[in-house]
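Below is one structure, written out as structure tokens; the observations come after it.
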Amino acid sequence: MSILLRRFYLNKCCLCGDSGNLTGEHKIKLSALRDEFGNVPLYIGGWDDPDNPPKLAQSPKSKFFHFAGKICKECNGTKTQKADRSFHEYHKAVKDSIKNERSDRWENGIFKHPDFLEHSEKSDWLFRYFAKMLCCRLAESEGPTPISLAKFAIGEFNQNRIWLNVRREPIQERFANEYGGWPYAAHGGLVVYANRRNREPAGFHSSLSIGSVQYIFWFRLHWLEKIELRLQHRKFYKFCKNIALDKRNMPTDPDTLEKLGLS
Ligand SMILES: [Zn+2]
């Protein structure tokens, strides 16, 4: 029974729960990849993992750039068009601000553009974009999606639960200082926030890096969602808890923390 969390099904949209006409959302927005890389050969993967060498992706349309967890065509189209547009516009403004080395409009870890004032329509849609990304990240790991978060992503619920930080991409900045302005894009996968005492999952986090900008976004589970996760989604709950237990004895190194937007 799903009350607050929508169970993961491979053949159902992780945002609205419908089946049919399913498609894979881009892990990194296609237009942003095109802006950043143009039409050059793209390699995808980690550069610091010898067991997982980068793979050649034929183009930004490659399957490597799509989430395996699916959303339906309507959710990927009309229902999230405004979110995609808001993100595109905001990203352009952030990129320009960094390029022109402007420090105004940056406040408390966020870029405050006058078109994206708090609670404005554009700001709401911008946050809906990150809600969609987190729902797709959860589905990618076969986890349930909080129904209020999924409904927020497609404009059917108004309460925003997403927290966002925006900053200059630290790795790209180091690359740019050492080697010049190489195009760069990365995502931070799905990170589980765990309760320090009992290691139960408490929230989920991800990051998205495009060129000189890193977006860090997360949400915290409501206590009722935590109970539902523990009782109704045992496999995913154990998966998350085991990661947290493993990390207790093997803390993440500082470089990875920075890459994931956790430091
Ligand atoms: Zn849908």
Quiz item: Is the shortest heavy-atom distance from the side chain of His222 to the side chain of Ser148 under 4.5 Å?
Solution: no
Practice problem: Name all residues meeting the side-chain hydrogen bond (donor to acceptor under 3.5 Å, both in side chains) criterion together with Ser209; count only those two or more places apart in sequence or in a different chain, and write none if there are none. | Solution: Glu169
Practice problem: Any salt bridge (charged side-chain N to carboxylate O under 4.0 Å, His left out) involving residues 102-113? Give me the pairs, sequence neighbours left out, ordered by first then second residue. | Solution: Arg102-Asp104, Glu107-Lys112
Quiz prompt | Note, Phe239 side chain near Val192 side chain (heavy atom, < 4.5 Å) | solution = no
Quiz item: Would you say the side chain of Phe219 lies within less than 4.5 Å of the side chain of Asn160, judging by non-hydrogen atoms?
Solution: no
Exercise. Output all residues satisfying salt bridge (charged side-chain N to carboxylate O under 4.0 Å, His left out) with Glu74, sequence neighbours left out; order by chain, then residue number.
Key: none
Practice problem: Go through the structure and list residues passing salt bridge (charged side-chain N to carboxylate O under 4.0 Å, His left out) with Glu156, not counting sequence neighbours. | Solution: Lys79
Quiz item: Knowing that exactly one of Gln172, Lys99, Arg167 qualifies, which makes a side chain to side chain contact (heavy atoms under 4.5 Å, CB included) with Ser212?
Solution: Gln172
Quiz item: Hey, does Leu262 have a side-chain heavy atom less than 4.5 Å from the side chain of Tyr193?
Solution: yes
Quiz item: Can you say whether the rings of Tyr90 and Phe116 are parallel (under 30°), tilted (30 to 60°) or perpendicular (over 60°)?
Solution: perpendicular
Practice problem: List the steps, then state whether ring pair (Phe, Tyr, Trp, His ring centres under 6.0 Å) holds for Tyr215 with Phe130. | Solution: CA-CA 9 Å; Tyr215 300 93; Phe130 294 109; 5.5 Å; yes
Quiz prompt | Qualifying salt bridge (charged side-chain N to carboxylate O under 4.0 Å, His left out) pairs with a residue from residues 199-221, counting only residues at least two apart or across chains | solution = Glu200-Arg230
Practice problem: Among residues two or more places apart or on two chains, list those pairs meeting salt bridge (charged side-chain N to carboxylate O under 4.0 Å, His left out) that have a residue in residues 121-136. | Solution: Glu25-Lys132, Lys82-Glu121, Asp84-Lys132, Glu89-Lys122
Quiz item: Would a 4.5 Å heavy-atom cut-off, applied to side chains only, mark Cys13 and Asn76 as touching?
Solution: no
